[in-house]
Every structure is written in structure tokens, then in C-alpha cells.
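Below is one structure, written out as C-alpha cells; the observations come after it.
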Amino acid sequence: MKTISRIFSVVFILCLVSCSAEDGDDGMDGNANVISSEWISTNFSTTSVSFTSFAIQDENINAENVANAAIIAHGRLFSNDEVVTIPYARNSRFYYFSLSPDTNEIIFRAENLIGNQSIFNDLTEVRYTIIPSN
């Protein structure tokens, strides 16, 4: 039993000595191609409606990215500055986005799911992130 313990101890020490954090070259950052917008103020209708939308034009919303990239969006809540993912629902109000590569637009939409009129002021700002595939 002593012999086995000594062998494990020697192997363990050799592993510690032979492994170094400085071996090898540094790799590229993993987020080199990620595109993220700034926070953008929402431009939903300020009057009571059942549906409203606004578009943001960005040349990165193109056919290649729409077909191959992951595109996610977030919104900042009016009530407490909390950040939520879009799509987002609150009571009967539903917020979501769509992409139009022909016009290079991301369109943020809000609608009342039961058809009532609402003021869509839950989100004060939005932002989106494009994560291209490799």
C-alpha cells in the first residue's frame, strides 16, 4: 500500500511540474464578431391603440445574418429599469420583434393580445445583439 501511495505522489508531483499556465498561444476572443446596438429609446405610439411598431435600420440586418446568425433583443422596463428579453408579455400587452433583411430593419412591435386599446409604455429602451455563426 505504501508503494502505491508513493507512486501516486510522484505522478501527482510530475503533473504539477510539467503543466504550466504559460504553455501555448493565446486564442482569439470569442466575441470578436458579435454586434450589439446601443440602447435605443422606444418609439411606440403614445396614444391608446391595439397595435404599434417602430423600425430601426441597420446594415447588419441583412440576408446573411438573418439566415445564419442568432439575433436576440432586450428591453428596459419603465417601472424599475429592469432588463427583460423580448418577446416580453405584461398583462395583455405583448412585445416582440421581426426582421426585414430586404430593408435592413429590425421592427419592434407591441400589441394587445385581447384586442383592447393600450398605451404601450412598459419598455423605455431596446437593444439587439447579432451573434454570427462561425
Side-chain angles (χ1 to χ4, degrees):
M1 187 70 168
K2 265 186 175 177
T3 306
I4 293 175
S5 293
R6 285 185 185 161
I7 291 172
F8 280 126
S9 297
V10 170
V11 170
F12 180 72
I13 291 170
L14 286 174
C15 286
L16 286 177
V17 172
S18 65
C19 296
S20 168
E22 295 179 24
D23 289 345
D25 296 328
D26 289 341
M28 293 174 41
D29 288 342
N31 62 353
N33 297 324
V34 172
I35 302 160
S36 188
S37 73
E38 299 294 323
W39 284 104
I40 301 162
S41 294
T42 59
N43 196 15
F44 293 121
S45 175
T46 56
T47 61
S48 188
V49 293
S50 60
F51 174 84
T52 181
S53 67
F54 69 95
I56 299 167
Q57 197 163 35
D58 183 334
E59 66 185 31
N60 295 302
I61 306 293
N62 54 46
E64 175 69 22
N65 283 337
V66 169
N68 299 305
I71 301 175
I72 56 176
H74 294 88
R76 193 178 308 236
L77 290 180
F78 170 76
S79 59
N80 61 6
D81 235 16
E82 180 182 353
V83 174
V84 296
T85 57
I86 298 173
Y88 173 75
R90 183 173 197 161
N91 300 323
S92 61
R93 294 179 303 276
F94 183 60
Y95 298 85
Y96 58 102
F97 69 95
S98 62
L99 304 166
S100 179
D102 294 339
T103 57
N104 300 104
E105 291 178 325
I106 182 169
I107 302 128
F108 288 91
R109 303 173 186 271
E111 69 179 277
N112 188 299
L113 294 176
I114 57 176
N116 292 343
Q117 293 195 346
S118 298
I119 296 176
F120 294 93
N121 62 356
D122 300 303
L123 303 178
T124 58
E125 296 177 306
V126 294
R127 76 182 304 177
Y128 55 93
T129 304
I130 303 169
I131 307 167
S133 63
N134 290 335

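Note that these values count all heavy atoms, side chains included, but never hydrogens, waters or copies made by symmetry.
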Which distance, rounded to the nearest 0.5 Å, do you find between the NE2 of His74 and the CG of Leu123?
12.0 Å
CG (Asp58) and OG1 (Thr103) are apart, to the nearest 0.5 Å, by 11.5 Å
Check for a donor-acceptor pair, side chain of Asn65 on one end and backbone N or O of Ile61 on the other, with a separation under 3.5 Å.
no
What's the shortest heavy-atom distance between Ala69 and Pro132, and which atoms?
CB-CA, 3.7 Å
Nearest-0.5 Å distance that lies between atom CD1 in Ile72 and atom OG in Ser36
8.0 Å
Of all pairs that satisfy salt bridge (Lys or Arg N to Asp or Glu O under 4.0 Å), the ones with a partner from residues 125-134, not counting sequence neighbours:
Arg76-Glu125
Please round to the nearest 0.5 Å and tell me the distance separating atom CZ of Arg109 and atom OG of Ser98.
3.5 Å
Shortest non-hydrogen separation from Phe78 to Asn121 and the atoms involved:
CB-O, 3.2 Å
Would a 4.5 Å heavy-atom cut-off, applied to side chains only, mark Trp39 and Thr124 as touching?
no
Let me check something: do Ile40 and Ile106 share a hydrophobic cluster, defined by ILVMFWY side-chain heavy atoms less than 4.5 Å apart, either directly or through other members?
yes
Are Thr46 and Phe120 close enough, and set up right, to give a side-chain contact (heavy atoms from CB on, under 4.5 Å), and what steps lead you there?
CA-CA 7 Å; Thr46 56; Phe120 294 93; over 6 Å; no
Under 4.5 Å between any side-chain heavy atoms of Ile71 and Thr129, yes or no?
no
Any pair with a residue in residues 97-117 that passes ring-ring contact (aromatic ring centres under 6.0 Å, His included), sequence neighbours left out, goes on the list, sorted by first then second residue, please.
Phe54-Phe108
Please set out all donor-acceptor pairs under 3.5 angstrom arising from side-chain atoms of residues 80-91, sequence neighbours excluded.
{"residue": "Asn80", "atom": "OD1", "partner": "Glu82", "partner atom": "N", "Å": "3.0"}
{"residue": "Asn80", "atom": "ND2", "partner": "Glu82", "partner atom": "OE1", "Å": "3.4"}

Taking Ile56 as the starting point, is it possible to reach Val34 by hopping between hydrophobic residues whose side chains are less than 4.5 Å apart?
no
How close do Pro101 and Val66 get, counting heavy atoms only, and between which atoms?
CB-CG2, 4.0 Å
Quick one: does Ser100's side chain have a donor or acceptor within less than 3.5 Å of a partner on Glu105's backbone?
no
May I ask you to check whether Asn112 and Ser118 show a side-chain donor-acceptor distance below 3.5 Å?
yes
With Arg93, which residues qualify under salt bridge (Lys or Arg N to Asp or Glu O under 4.0 Å), at least two apart?
Asp122
Please write out which residues are connected to Tyr96 in a hydrophobic cluster, directly or through intermediates, given that two of Ile, Leu, Val, Met, Phe, Trp, Tyr count as joined at side-chain heavy-atom separations below 4.5 angstrom.
Phe51, Phe94, Leu113
Single-linkage hydrophobic cluster, 4.5 Å side-chain cutoff, Tyr95 and Ile107 together
no
Under the salt bridge (Lys or Arg N to Asp or Glu O under 4.0 Å) rule, what pairs show up with a residue in residues 40-53, not counting sequence neighbours?
none
Minimal non-hydrogen separation, Glu59 against Asn62, with atom names
O-ND2, 3.1 Å
